[in-house]
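Worksheet for the structure shown next.
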Amino acid sequence: MLKEERHQIILNEVRVHNRVLLTDLGEMLNVSLDTVRRDIKKLDEEKKLKKVHGGAISLGFDSYSFKGSQIYSREEKTQIAKKAIALLKEGQVIILSGGTTNLELARLIPEKMKLTCFTPSLPVAIELLSKPNIEVIFIGGKLSHQAQITIGAAAIRYLTQIKFDIGFIGTGYLDSVNGLTEFDWDVVQIKKAIIKASRKTVVLSISEKLNSSQRYKTCDLSDIDTLITELEPNDVSLVPFEKQEIALL
């Protein structure tokens with residue numbers, strides 16, 4: 001495989017999943033870790049992604065001050081966010097887990113809508129602060145540099161004391177057999193706690209993430225009430241999820 005082909009595959013993986021590991025890329029490309037490491041370094045120098053310890057993250061996931069144009073599949077994520085807003089009602093207590101799709105949801109929530117919104121995501125919390133009628137409660141704890149959410153025992157303990165009307169979960173990987181998965185164990189624990197604390201769990205995912213899985217399991221599909229993608233609910237790609245009796249939007 002040519003270097004240019006490898007670079008394109010790496011960039012696509014980073015854009016779709018926001019974060020990737022060197023080990024996973026090495027397996028996917030069937031090359032050594034040293035080769036992947038050199039590829040990542042080159043793409044970082046070209047400002048096409050950001051190199052981090054053990055992997056890489058997308059530029060759109062690197063900072064809450066990024067431009068909208070840096071968000072991968074911005075149009076699709078906007079469609080998802082608009083569908084999610086239809087589930088909101090005045091006075092609800094909700095939680096947004098984090099990620100660029102949840103960030104888009106936070107951006108599009110109508111300013112006149114009164115909500116109490118919890119989040120472990122620093123970018124989401126900052127975005128919500130522009131909404132005068134939303135009470136924003138940041139779930140404190142240790143901040144993950146790469147995931148940009150709070151992690152650890154303190155955050156999980158905090159989540160056990162609340163019952164949310166809706167938990168909006170962003171996901172890196174979603175499969176009709178394996179459910180929701182991630183490669184970051186700490187992030188998985190936070191999402192597990194959010195799901196447990198939510199009366200209704202809504203997963204937001206662009207369709208490119210369907211039929212992909214990682215090593216650590218967040219939950220089974222049976223723990224999800226609603227799946228929102230940019231696709232029409234009757235799209236053939238969603239048939240495996242429809243069979244799991246999940247509401248599709």
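Just so you know, these numbers use all the heavy atoms, side chains as well, and skip hydrogens, waters and symmetry mates.
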Would you kindly say whether [X] and [Y] are connected by a side-chain donor-acceptor distance under 3.5 Å?
X	Y	result
Thr218	Lys192	no
Asp235	Ser237	yes
Ser121	Asn102	no
Gln214	Asp24	yes

Is the count of non-hydrogen atoms from other residues, nucleotides or ligands lying under 6.0 Å from [X] atom [atom1] greater than 12?
X	atom1	value
Glu45	CD	yes
Asn30	CG	no
Gln244	CD	yes
Lys83	NZ	yes

Minimum heavy-atom distance between [X] and [Y], given as atom pair plus value:
X	Y	result
Pro123	Gln148	CG-OE1, 2.9 Å
Ser213	Asp175	CB-CB, 4.4 Å
Ala106	Lys131	O-CE, 3.1 Å
Ile40	Ala56	CD1-CB, 3.8 Å
Cys117	Ile134	CB-CG2, 3.8 Å
Asn133	Glu111	ND2-O, 2.9 Å

For [Y], is there any backbone N or O sitting under 3.5 Å from a side-chain donor or acceptor partner on [X]?
X	Y	answer
Glu104	Lys77	no
Ser97	Gly170	yes
Lys209	Thr171	yes

query = Should the pair Arg37-Asp34 be classified as a salt bridge under the 4.0 Å nitrogen-to-oxygen rule?
reply = yes
task = Evaluate side chain to side chain contact (heavy atoms under 4.5 Å, CB included) for Asp225 paired with Ile246, printing each intermediate quantity in order.
result = CA-CA 6 Å; Asp225 297 287; Ile246 298 173; over 6 Å; no
request  = Could you give me the CA-CA distance, side-chain angles and deciding distance for Ile109 and Leu128, then say whether side chain to side chain contact (heavy atoms under 4.5 Å, CB included) is met?
outcome  = CA-CA 9 Å; Ile109 293 176; Leu128 288 170; 4.1 Å; yes
task = Give the intermediate values and the outcome of ring pair (Phe, Tyr, Trp, His ring centres under 6.0 Å) for residues Phe183 and Tyr216.
result = CA-CA 6 Å; Phe183 67 71; Tyr216 299 130; 8.6 Å; no
Consider only side-chain heavy atoms of I, L, V, M, F, W and Y, link residues closer than 4.5 Å, and tell whether [X] and [Y] are in one cluster.
X	Y	value
Leu105	Ile224	no
Ile80	Val124	yes
Leu227	Ile95	yes
Leu87	Phe164	no
Ile206	Leu180	no

key: side chain to side chain contact (heavy atoms under 4.5 Å, CB included) between Arg19 and Asp184, worked out   = CA-CA 10 Å; Arg19 299 185 294 155; Asp184 190 320; 3.2 Å; yes
Working to the nearest 0.5 angstrom, can you tell me the gap between [X] [atom1] and [Y] [atom2]?
X	Y	atom1	atom2	result
Glu13	Glu208	CD	CD	9.5 Å
Ser198	Asp165	OG	CG	9.0 Å
Thr35	Lys3	OG1	NZ	11.0 Å
Leu174	Leu204	CG	CG	11.0 Å
Leu249	Thr229	CG	OG1	9.0 Å

ask   = Can you check side-chain hydrogen bond (donor to acceptor under 3.5 Å, both in side chains) on Glu76 and Ser207, steps first, answer last?
value = CA-CA 9 Å; Glu76 288 81 359; Ser207 59; over 6 Å; no
ask   = Quick one: are Leu11 and Leu49 in side-chain contact, heavy atoms under 4.5 Å?
value = yes
ask   = Under 4.5 Å between any side-chain heavy atoms of Arg199 and Ile166, yes or no?
value = no
task = Test Leu210 against Leu238 for side chain to side chain contact (heavy atoms under 4.5 Å, CB included), laying out the working first.
result = CA-CA 9 Å; Leu210 302 181; Leu238 297 173; 3.8 Å; yes
